[in-house]
Amino acid sequence: MNSVSPSAAQYVGGVMQDELMEGRRQQQQQQPLDRQGSFGLRAPQTLDPSRDAAGEPDEMDRLKAKLMSAWNNVKYGWTVKSKTSFNKVSPVTVLGHSYLLNSEDEVERFRLAFVSRIWLTYRKEFPQLEGSTWTTDCGWGCMLRSGQMLLAQGLLVHLMPRDWAWPDAQQLTDVDFEVFRPRSPARAGGVPIPSFGSPRGSNTPEKSPPSDQPPKCSQKKRPESVRDRQAEPVHHRLVTWFGDQPSAPFGIHQLVEIGKSSGKKAGDWYGPSIVAHILRKAVAKTSALHNLAVYVAQDCTVYKEDVVRLCDLSLSQNPPDPSNQAWKSVIILVPVRLGGEALNPSYIECVKNILKLDCCTGIIGGKPKHSLYFIGFQDEQLLYLDPHYCQPVVDVSQVNFSLESFHCSSPKKMPFNRMDPSCTIGFYAKNKKDFESLCSAVSEALSLSKEKYPIFTFVEGQGQDYGLEGHSSNNSGPAAHILPPGRLGRSNNRRNSDEFVFL
């Protein structure tokens, strides 16, 4: 059941996942506390003190972890065959690029853009997480996986050639989406265009090129194929950083270890705000990247001077050398709340405008307790990558390991109004000029919101560095606000990492 090739597999759709997650929550509420570890979100990781003192082996603990792992491996290791429909009239936006799917060239460009994103999902049978019995993150690690995808996109932009496409994307031959000509602007429908299926398909296209000419899409890809192929060693190295082994700087083992300082452990639910700080710590800790930093916004505010102090290497010299133009690239992560219990519809246009920006690396969030990585939209539907698919671990230490399970051929969409309001937005700036352009472009996108107060703001000056420890579920800390500059309140205690206060 779990041996289905990712190239042919479709992970579970949104409706099915909603039903599974809801049933799981109800099951948790109905079970006694001493049994929740077997089927709930968290399995007990320690035995009672008397057993520890007696030195007895934690066989019960291991059995519970194995039962829950087996349950989640079955639950997330199967697929439902369905296809996502796209219409030919409205453009599809993917991280600052727009695709109007009214020709085979455009459909191929969109397919390559989507398949080239790094897809990080649940894995099983990886080395045991330190201090626990977990050998899988099925059922609890989806937000960490979404955060990994957000960081991976930033690293792709940072390290790979501009508009890079995975040259081996053609091997994922099952293109799991269809393009429709809508009957009306309000409702997509009609007959699918057969030629927009798999590249290996033999269906008749709308208009076949002359027999003596190669397909247009092949002509278009040739100039970039050599450059993209030459970048493959970097692509492989990037994926190894997210491997499911303790030495990987951005792997699940490192992220869980960093999260311990905030009171989190393997098996816990991680919110998008705390994941942003975990990613910041992970990048600062690794020696693999020397010219990249991660900045996490505070109180829905990006303090420009803090970013400059983080990235301007001339300021680290004593005395500062203004002639030194060295500047670290930066990934900016902004935890926000787009409403109370549900998404505020007034923010939808603003989210669209943000996803249209070249500097945007995506959004992590999703439906309640169901994290997704959003990379674009079409009309009123968000486009996302879903981490809720359990795959066997890949040994990334092997030379030329397969990249197939790290890329997805199944675009999925969901309505904006089903998006959870708690999320983290990512941006990337390569140099100081890009950072200044980012501030200007994002501020303009935010100003188009119908709400009185923007989602977040850019201001001059410095903020207070709360660090990851300030997000501990055991500590009180400053609450995040959606307020204009100068009116940020800091008197409210935070009970957990995802509480926000609104006006």
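Heads up: numbering here begins at 1 and tracks the sequence. Heavy atoms only: backbone and side chains are in, while hydrogens, waters and symmetry mates are out.
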Flag the pair [X] / [Y] as yes when at least one side-chain heavy-atom distance between them is below 4.5 Å, and no otherwise.
X: Leu144; Y: Val275; result: yes
X: Phe126; Y: His253; result: yes
X: Leu446; Y: Cys350; result: yes
X: His277; Y: Ser262; result: no
X: Ile354; Y: Phe427; result: yes
X: Cys359; Y: Val442; result: yes
X: Trp269; Y: Cys142; result: yes
X: Gln381; Y: Thr84; result: no

Can you list the residues that meet the side-chain contact (heavy atoms from CB on, under 4.5 Å) rule with Glu257, with sequence neighbours excluded?
-> Glu130, Lys260

Which residues share a side-chain contact (heavy atoms from CB on, under 4.5 Å) with Cys311, sequence neighbours left out | Val307, Trp327, Lys328, Val330

Partners meeting ring-ring contact (aromatic ring centres under 6.0 Å, His included) with [X] (sequence neighbours left out):
X: Trp164; result: His235
X: Tyr295; result: none
X: Phe242; result: Phe250
X: Phe416; result: none

Could you check Leu129, Val256, Ile252 and say which one makes a side chain to side chain contact (heavy atoms under 4.5 Å, CB included) with Trp134?
-> Leu129

[atom1]-[atom2] distance between [X] and [Y], expressed to the nearest 0.5 angstrom:
X: Lys412; Y: Phe114; atom1: NZ; atom2: CZ; value: 9.0 Å
X: Arg418; Y: Leu343; atom1: CZ; atom2: CG; value: 13.0 Å
X: Gln148; Y: Ile118; atom1: CD; atom2: CD1; value: 11.0 Å
X: Phe456; Y: Gln298; atom1: CZ; atom2: CD; value: 14.0 Å
X: Leu95; Y: Ser98; atom1: CG; atom2: OG; value: 12.5 Å
X: Ser273; Y: Ile364; atom1: OG; atom2: CD1; value: 9.5 Å

Check whether [X] reaches the backbone of [Y] with its side chain - one donor and one acceptor, N or O, closer than 3.5 Å.
X: Thr93; Y: Lys356; result: no
X: Arg109; Y: Leu112; result: no
X: Thr301; Y: Asp299; result: yes
X: Arg280; Y: Ala276; result: no
X: Tyr270; Y: Lys265; result: yes
X: Trp119; Y: Asp386; result: yes
X: Glu380; Y: Pro415; result: no

Please name the pair of heavy atoms, one in [X] and one in [Y], separated by the smallest distance, quoted to 0.1 Å.
X: Tyr303; Y: Glu460; value: CD2-O, 4.3 Å
X: Leu120; Y: Ala152; value: CD1-CB, 4.5 Å
X: Ala282; Y: Leu255; value: CB-CD2, 4.0 Å
X: Ser90; Y: Asp379; value: OG-OD1, 2.7 Å
X: Lys430; Y: Ser329; value: O-OG, 2.8 Å
X: Leu150; Y: Gly362; value: CD1-O, 3.5 Å

Side chains of Asp163 and His97: is there a donor and an acceptor less than 3.5 Å apart?
-> yes

Full working for side-chain contact (heavy atoms from CB on, under 4.5 Å) between Val334 and Cys300 | CA-CA 7 Å; Val334 188; Cys300 299; 5.6 Å; no

If you measure from the Lys or Arg side-chain nitrogens to the Asp or Glu carboxylate oxygens, is any gap between Asp244 and Lys124 under 4.0 Å?
-> no

Run the numbers on Phe377 and Leu383 for side-chain contact (heavy atoms from CB on, under 4.5 Å), then give the verdict.
-> CA-CA 5 Å; Phe377 68 93; Leu383 183 68; 5.6 Å; no

Residues forming a side chain to side chain donor-acceptor pair (under 3.5 Å) with [X], sequence neighbours excluded:
X: Thr286; result: none
X: Thr121; result: Gln391
X: Asn353; result: none
X: Gln462; result: Glu305

Please test Thr361 against His158 for side-chain contact (heavy atoms from CB on, under 4.5 Å), starting from the C-alpha separation and ending with a verdict.
-> CA-CA 11 Å; Thr361 58; His158 179 63; over 6 Å; no

Are Arg123 and Phe406 in a cation-pi contact, defined as NZ or CZ under 6.0 Å from the six-membered ring centre and within 45° of the axis?
-> yes

Do the numbers put Lys413 on top of the ring of Phe86, so that NZ or CZ is under 6.0 Å from the six-membered ring centre and no more than 45° off the axis?
-> yes

Can you name the salt bridge (charged side-chain N to carboxylate O under 4.0 Å, His left out) partners of Lys285, sequence neighbours left out?
-> none

By salt bridge (charged side-chain N to carboxylate O under 4.0 Å, His left out), Glu349 pairs with (sequence neighbours left out) Lys352

Are Leu355 and Leu382 close enough, and set up right, to give a side-chain contact (heavy atoms from CB on, under 4.5 Å), and what steps lead you there?
-> CA-CA 10 Å; Leu355 289 171; Leu382 281 159; 4.0 Å; yes

Would you say Glu436 has more than 12 foreign heavy atoms packed within less than 6.0 Å of its CD?
-> yes

